[in-house]
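What you see is a predicted model; the values in this text were computed from it and never measured. Start at 1 and go down the list; that is how both ligands and their atoms are numbered.
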Amino acid sequence: MLQENPAEQKRHKKLIVIWSVTFLILFPVLIALGLLMRLNQGEVFKIDPGTFYALMTLHGLGMAGVLFSFSWAALFYLIGTRYIKLNIGLGYLVYLLVLIGTVGLVIASLIGKFAAGWYLLYPLPFKGVSWTGWSTGLTIVSLIILGVAWLLGSLHVVYALAKEYGSFSNLMGWQYLGKTEPEKELPSIVLITTASLVPAILSFIVGAVFLIMNLMQHFEASLTFDPLLLKNMVFFFGHTLVNVTMYCCVAWVYVLLPEFTKRDWKVNKVVVYSWNGTFIFIMFAYFHHLYMDFVQPVSLHYAGQIASYMSSIPATVVTMFGLIVQVYHAKIKWSIIPMAFLLGMAGWAIGGFAAVVDSTMSINKILHNTLWVPAHFHTYMLLGVVLFILGFLFYLAHNNKEERDAVKPGLGFWTFVFGASGFLLMFYLGGMKSVPRRYADYTGIDIGNVHETGALLAKTAGGFVIIVLIGLLIMYGSLFSKLLKASK
Ligand code: HEM
């Protein structure tokens, strides 16, 4: 445990409050882009397709980037104030780079109309494009800046942890696998952070190579690359990033929930085995995105299915079991913080289950590229990661146990959960009715009643999104001022 140093703690708090306020501003703006897309699909108004795809690109990149950045920042705060000394100057540098990268993406998509989607599916950014050439270059450079920020931040945390705990094997908890008890206890947040950030670091490096290849072609149009290789690279990067975001949040729930249940949530052999499994398999699960690519070796399709199951099921089952042990008959005061963590775990389990269903080849043949896909990842992002973040923010905004126990999940919280559930349900129903994903609208689909069903579900989803925004606004009422006060 770190020795208390009030000045250092204060600097950490200031930085995390800056991150928090930035998150609280960007998040509803990105939701508003989603609302515009849903209302366009619902034919409430008409946006031209070029603008729709620019909004979709900014929304996808923005949400994934903002949520990962914040989940890293929260880990940086918790680890840096409780376990080891971290370099706060580097924390500010990461923030600055993320901000610059984000501004670049906003300019590229809103002014330059860059619209290739988050995955920049090669050679899409260079062939028959509807957007300005400079916006392709700016998007690539902005993503490189974001990648450098995340790489620096993740390397710093893992390096500092390895220095404190001795070695990589110690960070992964291998000392728990022997017959004797380890001499030094390994906090669960350290194990999960390592199991998350090391694969993330590898994915950032692959992502950087992918982006540099794209940048080279941007400047030298005669260059071409193997599209299959680039598709593998971008999905390794993107899939890992989104998964790791969830695991970073789970890491802090392992630390903060016990403060409410008054029960330890410690590392043991089973926890070590499950997170080591996640560490390995998370890197191969992305193959399930390429089932439809007939040129991909078939063995990798099988590997993708096995890795999808192995990367998610053990860690989820062990965590859910741990969660039940935490809350069963615990004398817990159900303030907004443990409630957000509990429902966040449910969102993770439900979205994760829907993802595993979709990663099953025989089912993927039917659900591939339908709205089932955004349904599952929006579930564990919106009702998983975002609930964990809200729980963390309420924790941060209140300074002591009494205050934290007193802040009840009120109208704003339940409005948010209700709106988000309805919004997600419309995606799932769309998937079950074969409504395709990434369609600006469904007017051109002349198969059965897919057009009418898709539009109706989208319009209804738009209503639920407005409820989500109202819920957030109500919560913001107290959250903003409390957060700012807590940083003083
Ligand atoms: C209430 C909040 C949200 C709304 C209204 C919303 C709305 C949408 C819509 C309408 C789409 C396009 C779906 C399609 O037809 O394919 C979409 C795609 C997407 N959303 Fe969201 N979303 C929300 C929250 C989130 C969150 C929390 C994340 C976090 C990662 C996220 C990440 C994405 C991504 C990555 C895509 C795919 C973009 C692409 O295919 O290039 N969204 N969202």
J.: Report, in ascending order of atom number, the atoms of ligand 1 lying under 4.0 Å from any heavy atom of Tyr119.
T.: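 With Tyr119 as reference, the close atoms of ligand 1 come out as 41 (O).
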J.: Tell me the protein heavy atom at minimum distance from atom 27 (C) of ligand 1, and give that distance in Å.
T.: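 Protein heavy atom at minimum distance: Met63 SD, 3.8 Å.
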J.: Under a 4.0 angstrom heavy-atom cut-off, which atoms of ligand 1 come close to Val465?
T.: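 So the atoms of ligand 1 that pass are 5 (C).
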J.: May I ask you to check whether Trp19 and Tyr95 place their ring centers less than 6.0 Å from one another?
T.: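 Ring centres of Tyr95 and Trp19 closer than 6.0 Å.
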J.: Return the residue, atom name and 0.1 Å-rounded distance of the protein heavy atom closest to atom 33 (C) of ligand 1.
T.: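 Of every protein heavy atom, Phe377 CE1, 3.5 Å lies nearest to atom 33 (C) of ligand 1.
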J.: Which residue and non-hydrogen atom of the protein lie closest to atom 40 (O) of ligand 1, and at what distance in Å?
T.: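 Of the protein heavy atoms, Arg438 NE, 2.6 Å lies nearest.
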J.: Is the shortest heavy-atom distance from the side chain of Leu342 to the side chain of Trp334 under 4.5 Å?
T.: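 Yes, side chains in contact.
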J.: Do me a favour and list the nearest non-hydrogen protein atom to atom 18 (C) of ligand 1 with residue, atom name and distance?
T.: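 Checking every protein heavy atom, the shortest distance to atom 18 (C) of ligand 1 gives His378 CE1, 3.6 Å.
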J.: Heavy-atom contacts with Arg38 under 4.0 Å: which atoms of ligand 1 show up? List them by number with element.
T.: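 That gives atoms 10 (C) of ligand 1.
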J.: What residue and heavy atom of the protein are closest to atom 4 (C) of ligand 1, and at what distance?
T.: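 For this ligand atom, the closest protein heavy atom is Phe423 CZ, 3.3 Å.
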J.: Would you mind listing which atoms of ligand 1 come within a distance below 4.0 Å of any non-hydrogen atom of Trp118?
T.: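 The list of qualifying atoms is 39 (C), 41 (O).
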J.: Taking only heavy atoms of Gln41 into account, list the atoms of ligand 1 that are under 4.0 Å away from them.
T.: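 Here the atoms of ligand 1 in question are 14 (C), 15 (O).
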J.: Check each atom of ligand 1 against the heavy atoms of Met56 and keep those under 4.0 Å away; list them by number with element.
T.: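 The atoms of ligand 1 under 4.0 Å from a heavy atom of Met56 are 38 (C), 39 (C), 40 (O), 41 (O).
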J.: Should the proximity of Leu67 to ligand 1, defined as any heavy atom under 4.0 Å, be assigned to the side chain, the backbone, both, or neither?
T.: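 The answer is the side chain of Leu67.
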J.: Taking the side chain as every heavy atom from C-beta outward, state whether Ile107 and Leu138 have any pair of such atoms under 4.5 Å apart.
T.: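 In short, these two side chains touch, coming nearer than 4.5 Å.
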J.: Just to confirm my output: which protein heavy-atom neighbour is closest to atom 2 (C) of ligand 1, and how far is it?
T.: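 Result: Ile31 CG1, 3.7 Å.
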J.: Could you check whether any side-chain heavy atom of Val157 comes within less than 4.5 Å of a side-chain heavy atom of Thr193, counting everything from C-beta outward?
T.: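 Yes. Closest side-chain heavy atoms under 4.5 Å.
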J.: Between Tyr247 and Ser71, do the side chains contain an N or O donor and an N or O acceptor separated by less than 3.5 Å?
T.: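 Side chains of Tyr247 and Ser71: no pair found under 3.5 Å.
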J.: Going by heavy atoms, is Val373 under 4.0 Å from ligand 1?
T.: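 Distance cut 4.0 Å: Val373 fails for ligand 1.
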J.: Using the side chain to side chain contact (heavy atoms under 4.5 Å, CB included) rule, pick out the option among Leu484, Ile389, Leu479, Leu396 that qualifies with Ser20.
T.: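 Option passing the side chain to side chain contact (heavy atoms under 4.5 Å, CB included) with Ser20: Leu396.
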J.: Between Leu30 and ligand 1, find which residue part has any heavy-atom pair under 4.0 Å and reply side chain, backbone, both or neither.
T.: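 Neither part.
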J.: Applying side-chain contact (heavy atoms from CB on, under 4.5 Å), run through Met345 and Phe388 and close with a yes or a no.
T.: CA-CA 8 Å; Met345 286 287 183; Phe388 290 147; 4.0 Å; yes
J.: Name the closest protein heavy atom to atom 8 (C) of ligand 1, giving the residue it belongs to and the distance to 0.1 Å.
T.: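 Atom 8 (C) of ligand 1 sits closest to the protein heavy atom His59 NE2, 3.5 Å.
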J.: Kindly say whether the aromatic ring centers of His368 and Tyr291 come within a distance under 6.0 Å.
T.: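 Ring centroids of His368 and Tyr291 are no less than 6.0 Å from each other.
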J.: Which heavy atom of Trp372 sits nearest a heavy atom of Tyr428, and at what distance?
T.: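 Nearest heavy atoms, Trp372 then Tyr428: CZ3-CD2, 3.7 Å.
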J.: Are the ring centres of Trp72 and Phe76 closer than 6.0 Å?
T.: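 Centroid distance Trp72-Phe76: below 6.0 Å, so yes.
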J.: Side chains of Asn232 and Gln296 only: does a donor on one sit below 3.5 Å from an acceptor on the other?
T.: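 There is such a pair (donor and acceptor under 3.5 Å, judged by atom type) between the side chains of Asn232 and Gln296.
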J.: Can you pull out the closest protein heavy atom to atom 7 (C) of ligand 1? Residue, atom name and distance to 0.1 Å, please.
T.: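 Ranked first by proximity to atom 7 (C) of ligand 1 is Gly34 CA, 3.5 Å.
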